Amino acid sequence: MKSEQPRQLKNFYRALDDDAFNELSEETKTSIEKAVLALTGDHHKVDYRATFPFFFKRYYIVLLMGRDLRKIRRKESPFKLIFLTLLLLMFLSLACVSVVFVLYIIKSALGIDIFQYSFGVWDWFQGLIGSH
């Protein structure tokens with residue numbers, strides 16, 4: 001086993017039985033290593049791993065981000081599209097509401113009255129600004 005191996009290969013060889021490892025030829029080891037790295041990938045722009053104690057137990061957190069360079073793709077969950085669509089709709093809704101709110105505040109600050117009825121947003125906003 002090489003000393004400068006990616007973490008995935010170290011874990012693979014650690015899990016492999018010693019007798020099975022000794023029976024592998026160098027050509028077989030090289031082929032297995034290529035397959036393991038192709039399936040797992042090891043090129044992350046962000047690779048954050050940490051452990052922390054919480055109520056007398058240890059927990060871990062892992063954050064990995066980067067391009068997916070694996071040759072074999074993971075099977076996608078059927079709910080992924082639904083989740084991403086809902087997430088996008090929530091983001092777009094929040095963005096639209098924020099734009100309308102900012103435009104309404106600007107309209108009110110300029111003294112432009114479109115509606116005869118006041119929604120009270122400008123008074124609320126002035127109360128926030130005036131209280132600081």
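Just so you know, these numbers come straight off a predicted model, no measurement behind them. What's counted below: heavy atoms across the whole structure, side chains too, no hydrogens, waters or symmetry copies. Numbering of residues begins at 1 and proceeds along the displayed sequence.
The distance from the CG atom of Leu24 to the CG atom of Asp19 is 11.0 Å, given to the nearest 0.5 Å. For the atom pair Ile82 CD1 and Leu87 CG, the distance stands at 13.5 Å (nearest 0.5 Å).
A 4.5 Å side-chain heavy-atom check between Ile61 and Thr51 finds every atom pair outside the cut-off. For the pair Leu86/Phe83, no side-chain contact is recorded, criterion being any heavy-atom separation below 4.5 Å from C-beta on. For the pair Tyr48 and Leu64, the minimum side-chain heavy-atom distance is 4.5 Å or more.
Figure legend: cation-pi geometry between Lys107 and Tyr104, with NZ or CZ positioned under 6.0 Å from the six-membered ring centre and within 45° of its axis. In this structure, Lys29 fails the cation-pi test against Tyr13, since its NZ or CZ atom is not both closer than 6.0 Å to the six-membered ring centre and inside 45 degrees of the ring normal.
With sequence neighbours left out, Ser25 forms a side chain to side chain donor-acceptor pair (under 3.5 Å) with Thr28. Contacts of Tyr59 classified as side-chain contact (heavy atoms from CB on, under 4.5 Å), with partners at least two apart in sequence or in another chain: Phe52, Phe54, Lys57. Here Glu23 pairs with nothing under the salt bridge (charged side-chain N to carboxylate O under 4.0 Å, His left out) rule; sequence neighbours left out.
Ile106 and Val99 fall into different hydrophobic clusters, where Ile, Leu, Val, Met, Phe, Trp and Tyr residues are linked whenever their side-chain heavy atoms come under 4.5 Å apart, directly or through other members. Linking Ile, Leu, Val, Met, Phe, Trp and Tyr whenever their side-chain heavy atoms come within less than 4.5 Å leaves Leu89 and Leu94 in two separate clusters. Transitive grouping of hydrophobic side chains (ILVMFWY, heavy atoms separated by less than 4.5 Å) keeps Phe79 and Leu81 in distinct clusters. A continuous path of Ile, Leu, Val, Met, Phe, Trp and Tyr side chains, each step under 4.5 Å between heavy atoms, connects Phe101 with Ile112, placing both in one hydrophobic cluster.
Not a single donor-acceptor pair under 3.5 Å links the side chain of Ser31 to the backbone N or O of Glu27.
Test Leu92, Leu84, Thr85 against Leu88 for side chain to side chain contact (heavy atoms under 4.5 Å, CB included) and you get one pass: Leu92.
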